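Only heavy atoms go into these numbers, but all of them, side chains included; no hydrogens, no water, no symmetry mates. The model shown is predicted, which means the values in this text are computed figures rather than measured ones.
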Amino acid sequence: MTPHYALDVRTATAHFPGIGRYAANLARALAPQLAPAERLTLLANQPPAWSVEGQAEWSILRGGPFSLSQQWTAPRVLRRLGAALYHSPYYLMPYWPGVRSVVTIHDLIPMRYPRYYGASERLAFGVASRMATRRATRIVTDSRATARDVERLLHVAPARVSVIPLAADPAFTPRPASEIEDARRRYGLAGDYALYLGSNKPHKNLLGLIEAWACLQPQPMPLVVAGAWDARYPEARARAEALGLGERVRWLGPALEPDLPLLYSGAAAFVFPSLYEGFGLPVLEAMACGAPVACSDAASLPEVAGDAALTFDPADVQALAHTLHRLLTDRDLRADLRERGLRRAAQFSWAATAGQTLALYRDLAGRP
């Protein structure tokens, strides 16, 4: 029988920026690696705006990941396709797909940091995550740190968990000086800057970064804060105002996706002080663009950074400030980290991620 795999790519939309990027990049890298006897169907709820080269087919699965109807429509579609295996990149999924299934769990932030979530949010996340991991044949995590969380917090046997690292999108490469200068003009950036790219959710520790930035006297360059802003958490910006940081912290807000490699490439340094990450793609993206990186030593980040970044305890403001001072005042150190970062990022690829995922599919569904 022809091995037939179904990958759910309904999350490959702007509503799911990180998970969507994972689903789309995995689909693109999987299709060219299929053996002639294998089939891959990508499940979408509308015709996609992106394409895949290789032997992949598309099928419509009505309703998004939040819809109750997927619980009965997805099994019907999978039966019609004759799929042997279903893969969901998100914990909200059809829990009885009728075939062997894989679910990717990217992080367990609501369980690790419950104080940042309401009671109903914690309950919904806990129930859905337990359903996903109990019903799936195999669980994939992006890092060993998340695998340990899944095993401990969701009581999953280690033998059911496979760790398959992510990679930076191919768009993240060092950009020419002319393109960087154009992006600087458009964003009103002049001269060197340090970059933070991420949200202002509490576990990202942006407040700690602002506190550490204020400890640098004087700051050798401005700190640029880019990324989605959640109005529920105004503390970091309010603290910057209270500390009188003014133009020493620039708040860009969300940057256009095509501009992200330019912002990374133009940064004198990239800093990522997160308390918890399931993987920490911004660290890898920054390295792939040639930005010297300083990141916290928490959760999965040491797995991603290896020896190619300066690391610090994210709960220690003084340690963060000391690390920033070293990075921002030592050009030779930054040059060394740039080269290390480029080598480190090159060790991760979507081809490798897809190859490991396909090996898992074959193990569960039978080789061609």
Trainee: For residues 145-202, which residue pairs qualify under ring pair (Phe, Tyr, Trp, His ring centres under 6.0 Å), counting only residues two or more places apart or in two chains?
Mentor: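 Of all non-adjacent pairs touching residues 145-202, those that pass ring pair (Phe, Tyr, Trp, His ring centres under 6.0 Å) are F172-Y264.
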Trainee: When the aromatic ring centroids of H106 and F279 are compared, is their separation below 6.0 Å?
Mentor: no
Trainee: Less than 4.0 Å between a side-chain N and a carboxylate O, is that true for E151 and R144?
Mentor: no
Trainee: Kindly indicate whether the side chain of P282, heavy atoms from C-beta on, has any atom under 4.5 Å from the side chain of F270.
Mentor: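 Side-chain contact under 4.5 Å: yes.
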Trainee: Heavy atoms, side chains only, cut-off 4.5 Å: are L263 and V224 in contact?
Mentor: no
Trainee: Start with the C-alpha gap between E53 and R28, add the side-chain angles, then the distance that decides, and say whether salt bridge (charged side-chain N to carboxylate O under 4.0 Å, His left out) holds.
Mentor: CA-CA 7 Å; E53 296 181 3; R28 292 189 185 104; over 6 Å; no
Trainee: How close do P170 and N25 get, heavy atom to heavy atom, and via which atoms?
Mentor: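 Scanning both residues completely, I find the closest heavy atoms to be CD-OD1, 4.0 Å.
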Trainee: Is any NZ, NE, NH1 or NH2 atom of the basic residue among D230 and K204 found under 4.0 Å from an Asp or Glu carboxylate oxygen of the other?
Mentor: no
Trainee: Is R334 paired with D330 through a side-chain N to carboxylate O contact shorter than 4.0 Å?
Mentor: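 No salt bridge links D330 with R334.
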Trainee: Assess whether side chain to side chain contact (heavy atoms under 4.5 Å, CB included) is satisfied between L342 and M287, documenting all intermediate values.
Mentor: CA-CA 5 Å; L342 289 168; M287 288 179 173; over 6 Å; no
Trainee: In the structure I gave you, are the side-chain heavy atoms of Y86 and M93 within less than 4.5 Å of one another anywhere?
Mentor: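 Heavy-atom side-chain distance check passes, below 4.5 Å.
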Trainee: Side chains of L243 and E211, heavy atoms from C-beta outward: is any pair under 4.5 Å?
Mentor: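 A side-chain contact under 4.5 Å exists here.
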Trainee: Is there a side chain to side chain contact (heavy atoms under 4.5 Å, CB included) between L209 and L324? Walk through the geometry before answering.
Mentor: CA-CA 10 Å; L209 176 56; L324 288 171; 4.0 Å; yes
Trainee: About how many Å separate CG of L310 and CZ of R340, when rounded to the nearest 0.5 Å?
Mentor: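 If I round to the nearest 0.5 Å, the distance is 9.0 Å.
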Trainee: Hey, mind stepping through D336 and R331 against salt bridge (charged side-chain N to carboxylate O under 4.0 Å, His left out) and telling me if it holds?
Mentor: CA-CA 9 Å; D336 179 54; R331 288 184 177 273; over 6 Å; no
Trainee: Please check this pair: side chain of T353 against backbone of S349, looking for a donor-acceptor N/O pair closer than 3.5 Å.
Mentor: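 Yes: the side chain of T353 pairs with the backbone of S349.
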Trainee: Please determine whether the number of non-hydrogen atoms from other residues, nucleotides or ligands lying under 6.0 Å from atom CZ of R62 exceeds 12.
Mentor: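 Not more than 12 within 6.0 Å, no.
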Trainee: Are L43 and L360 grouped together when hydrophobic residues (ILVMFWY) are joined by side-chain heavy atoms under 4.5 angstrom apart?
Mentor: no
Trainee: Quick check for you: to the nearest 0.5 Å, what is the distance between T133 atom OG1 and I139 atom CD1?
Mentor: 5.5 Å
Trainee: Show me the pairs that pass ring pair (Phe, Tyr, Trp, His ring centres under 6.0 Å) and involve residues 203-253, at least two apart or across chains.
Mentor: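 The answer is W229-W251.
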Trainee: Y361 versus L7: any side-chain heavy-atom pair under 4.5 Å?
Mentor: yes
Trainee: Assess whether a salt bridge exists between E181 and R175, defined as any Lys/Arg side-chain N lying under 4.0 Å from an Asp/Glu carboxylate O.
Mentor: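 No, this pair does not count.
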Trainee: Distance only, no hydrogens: is a donor on one side chain within 3.5 Å (strictly under) of an acceptor on the other, for E303 and S300?
Mentor: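 No - no donor-acceptor pair under 3.5 Å links their side chains.
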Trainee: Short question: side chain of T146, backbone of G278 - any donor-acceptor pair under 3.5 Å?
Mentor: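 The answer is yes, because a donor-acceptor pair under 3.5 Å joins these two groups.
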Trainee: What's the spacing between S88 OG and D8 CG if we round to 0.5 Å?
Mentor: 5.5 Å
Trainee: Would you find a donor on one side and an acceptor on the other, under 3.5 Å apart, between the side chain of N205 and the backbone of P273?
Mentor: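 Checked: pair present.
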Trainee: Give the intermediate values and the outcome of side chain to side chain contact (heavy atoms under 4.5 Å, CB included) for residues L252 and V225.
Mentor: CA-CA 6 Å; L252 291 193; V225 177; over 6 Å; no
Trainee: Would the distance check show the side chain of Q71 and the main-chain N or O of Y95 forming a donor-acceptor pair, the cut-off being under 3.5 Å?
Mentor: yes
Trainee: Please report the interatomic distance CG(L223) to CD1(I210), rounded to the nearest 0.5 Å.
Mentor: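 That separation rounds to 5.5 Å.
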Trainee: Could you tell me whether F16 and Y90 have their ring centroids closer than 6.0 angstrom?
Mentor: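 Close enough - the centres of the two rings lie under 6.0 Å apart.
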Trainee: Is the number of heavy atoms from other residues, nucleotides or ligands within 6.0 Å of CZ (R326) greater than 12?
Mentor: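 No, not enclosed.
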Trainee: Between D363 and R138, is there a side-chain N and carboxylate O pair less than 4.0 Å apart?
Mentor: yes
Trainee: Does this structure show an ion pair linking R239 with E235, if we count only N-O contacts that are shorter than 4.0 Å?
Mentor: no
Trainee: Taking the side chain as everything from C-beta on, heavy atoms only, tell me whether H325 gets closer than 4.5 Å to L216.
Mentor: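 The answer is yes, as the side chains (C-beta and beyond) meet within the 4.5 Å cut-off.
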Trainee: To the nearest 0.5 Å, what is the distance between CD1 (I164) and OG (S143)?
Mentor: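 I164 CD1 to S143 OG: 12.0 Å, rounded to 0.5 Å.
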Trainee: Counting only heavy atoms not in Q217 (residues, nucleotides, ligands), do more than 12 fall under 6.0 Å from its CD?
Mentor: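 Yes, CD of Q217 has more than 12 neighbouring heavy atoms, counting only those of other groups under 6.0 Å.
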Trainee: Does this structure show an ion pair linking D149 with R112, if we count only N-O contacts that are shorter than 4.0 Å?
Mentor: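 Between R112 and D149 there is a salt bridge, with a charged N closer than 4.0 Å to a carboxylate O.
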Trainee: Taking G63's backbone N and O only, do any of them form a donor-acceptor pair with Q70's side chain (distance below 3.5 Å, no angle check)?
Mentor: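 No.
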Trainee: Look at the rings of Y113 and Y276 and say which category their plane angle falls in: under 30° parallel, 30 to 60° tilted, over 60° perpendicular.
Mentor: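 Y113 vs Y276 ring planes: perpendicular.
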Trainee: Step by step, work out the side chain to side chain contact (heavy atoms under 4.5 Å, CB included) result for S101 and H87.
Mentor: CA-CA 6 Å; S101 59; H87 182 183; over 6 Å; no
Trainee: With a 4.5 Å cut-off on side-chain heavy atoms, are L166 and L281 touching?
Mentor: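 A side-chain contact exists here, since the closest heavy-atom pair is under 4.5 Å.
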Trainee: Can you confirm whether more than 12 heavy atoms, excluding those of R80, are under 6.0 Å from its CZ atom?
Mentor: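 More than 12 within 6.0 Å, yes.
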Trainee: Honestly curious: do Y117 and F125 fall in one hydrophobic cluster under the side-chain, below-4.5 Å linking rule?
Mentor: yes
